[in-house]
Amino acid sequence: MATELAPVASFDSIGDDAERAAALFTEMAKVLQHPRCLNCHPVSGGPLQGDDMQPHQPTVVRAQGMGAVGMECSTCHGNENVAYVGAEGSVPGHEPWMLAPVSMGWVGLSVPEICAQLKDPERNGGRDLAEIHEHNAEDGLVGWGWHPGEGRTPAPGSQEQFGALTQAWIDAGAGCPS
């Protein structure tokens, strides 16, 4: 897993906007394909967990993104990470804690497929490019990926860097790698 993100300035030498956008998105994919993102962007069933992306234990199912009645995400996941008592690790938390809709599932998709999905309002929650930037740069649940609690590897770089890469990708035309 990547631990760093290249700064936006490192893409300045790419003169062609389409090539620059593709390179920027490929850098963004280091975050998008990291377990901190993929665990909550599965393509089926329920969430995954851990750096090895195992099925969530206890078994839970997707229902409106918040879990099934009586087993909602908030049953175990509170407003913040909670360290285990007497053991290593933690229960992740953020308000709200939820799965992305199935239409936003990325597990098993290639970088070009994730890019196309991310730009498609039919599959991205109705977001335009400005809202995608806001989500990547400012959303607290996205930001949790860089502060995941004990026992989890943070996403590469920082949310600020990810937001800057997202804006640079948009500014270059939001093209996808091939």
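What you see is a predicted model; the values in this text were computed from it and never measured. For the numbers below, each heavy atom of this structure counts, side chains included, while hydrogens, waters and symmetry mates do not.
- Within the 3.5 Å criterion, the main-chain N or O of His94 finds no donor-acceptor partner in the side chain of His77.
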Stepwise, does the side chain to side chain contact (heavy atoms under 4.5 Å, CB included) test hold for His41 with Val107? CA-CA 7 Å; His41 282 266; Val107 174; 5.7 Å; no
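- Using a distance-only test at 3.5 Å, with no hydrogens or angles considered, no donor-acceptor pair links the side chain of Gln54 to the main chain of Leu48.
- A donor-acceptor pair is defined here as one N or O able to donate and one able to accept, closer than 3.5 Å; no such pair exists between the side chain of Gln167 and the backbone of Ala164.
- Note that CD1 of Ile14 and CG of Leu24 are 7.0 Å apart. Values are rounded to the nearest 0.5 Å.
- In the hydrophobic clustering of this structure, Val82 does not group with Met98; members are Ile, Leu, Val, Met, Phe, Trp, Tyr whose side-chain heavy atoms approach within less than 4.5 Å, directly or through other members.
- Judged purely by atom type and a 3.5 angstrom limit, Asn81 uses its side chain to pair as donor or acceptor with the backbone of His147.
- Residues passing the salt bridge (charged side-chain N to carboxylate O under 4.0 Å, His left out) test with Arg20 are Asp12, sequence neighbours excluded.
- In this structure a side-chain-to-backbone donor-acceptor pair under 3.5 Å is present from Trp169 to Gly175.
- Side chain of Lys119 to main chain of Ala174: a donor-acceptor pair is present (N/O by atom type, distance under 3.5 Å, no hydrogens or angles).
- Nearest approach of Val43 to Gly105, heavy atoms of both residues: CG1-C, 3.6 Å.
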Apply side chain to side chain contact (heavy atoms under 4.5 Å, CB included) to Val8 and Leu165, showing your working. CA-CA 6 Å; Val8 170; Leu165 287 165; 4.0 Å; yes
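- Environment of CD in Glu88: sparse, with no more than 12 heavy atoms of neighbouring residues, nucleotides or ligands closer than 6.0 Å.
- Within the 4.5 Å cutoff, side-chain heavy atoms of Val60 are placed close to those of Pro47.
- To the nearest 0.5 Å, atom CG of residue Asn79 and atom OG of residue Ser74 are 9.5 Å apart.
- The shortest distance between side-chain heavy atoms of Met28 and Asn136 falls below 4.5 Å.
- Ring orientation note: the planes of Trp146 and Phe162 are tilted relative to one another, at an angle of 30° to 60°.
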Apply side chain to side chain contact (heavy atoms under 4.5 Å, CB included) to Gln161 and Val31, showing your working. CA-CA 10 Å; Gln161 289 175 293; Val31 173; over 6 Å; no
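- Distance CG/Asp128 to CD/Glu134: 9.5 Å, rounded to 0.5 Å.
- Cluster annotation: Met53 and Ile114 are assigned to the same hydrophobic cluster (Ile/Leu/Val/Met/Phe/Trp/Tyr, side-chain heavy-atom contacts under 4.5 Å, transitive).
- Using a 30° and 60° split on the angle between ring planes, Trp144 and Trp97 fall in the perpendicular class, above 60°.
- Between Ala22 and Pro177 the shortest heavy-atom distance is CB-CA, 3.7 Å.
- The two residues Arg127 and His135 make their nearest non-hydrogen contact at NH2-ND1, 3.4 Å.
- The main-chain N or O of Ser90 is found under 3.5 Å from a side-chain atom of Arg152 such that the two form a donor-acceptor pair.
- For the pair Gln33 and Leu109, the minimum side-chain heavy-atom distance is 4.5 Å or more.
- Going from atom CG of Asp51 over to atom CZ of Arg36 covers 4.5 Å, rounded to the nearest 0.5 Å.
- Taken together through direct or relayed side-chain contacts under 4.5 Å among Ile, Leu, Val, Met, Phe, Trp and Tyr, Leu129 and Met104 form parts of separate hydrophobic clusters.
- Val142 and Leu99 end up in different hydrophobic clusters when Ile, Leu, Val, Met, Phe, Trp and Tyr side chains are linked at under 4.5 Å.
- Residues Arg123 and Leu118 have side chains not in contact (no heavy-atom distance under 4.5 Å, counting atoms from C-beta outward).
- Not a single donor-acceptor pair under 3.5 Å links the side chain of Gln117 to the backbone N or O of Trp106.
- A search for disulfide bond (SG atoms under 2.5 Å apart) contacts involving Cys176 returns Cys115, not counting sequence neighbours.
- A distance-only check finds no donor-acceptor pair linking the side chain of Glu138 to the backbone of Gly163 [under 3.5 Å].
- The main-chain N or O of Ala116 is never found under 3.5 Å from a side-chain atom of Asp120 such that the two would form a donor-acceptor pair.
- The local environment of CD in Glu131 is crowded, with over 12 non-hydrogen atoms from other residues, nucleotides or ligands closer than 6.0 Å.
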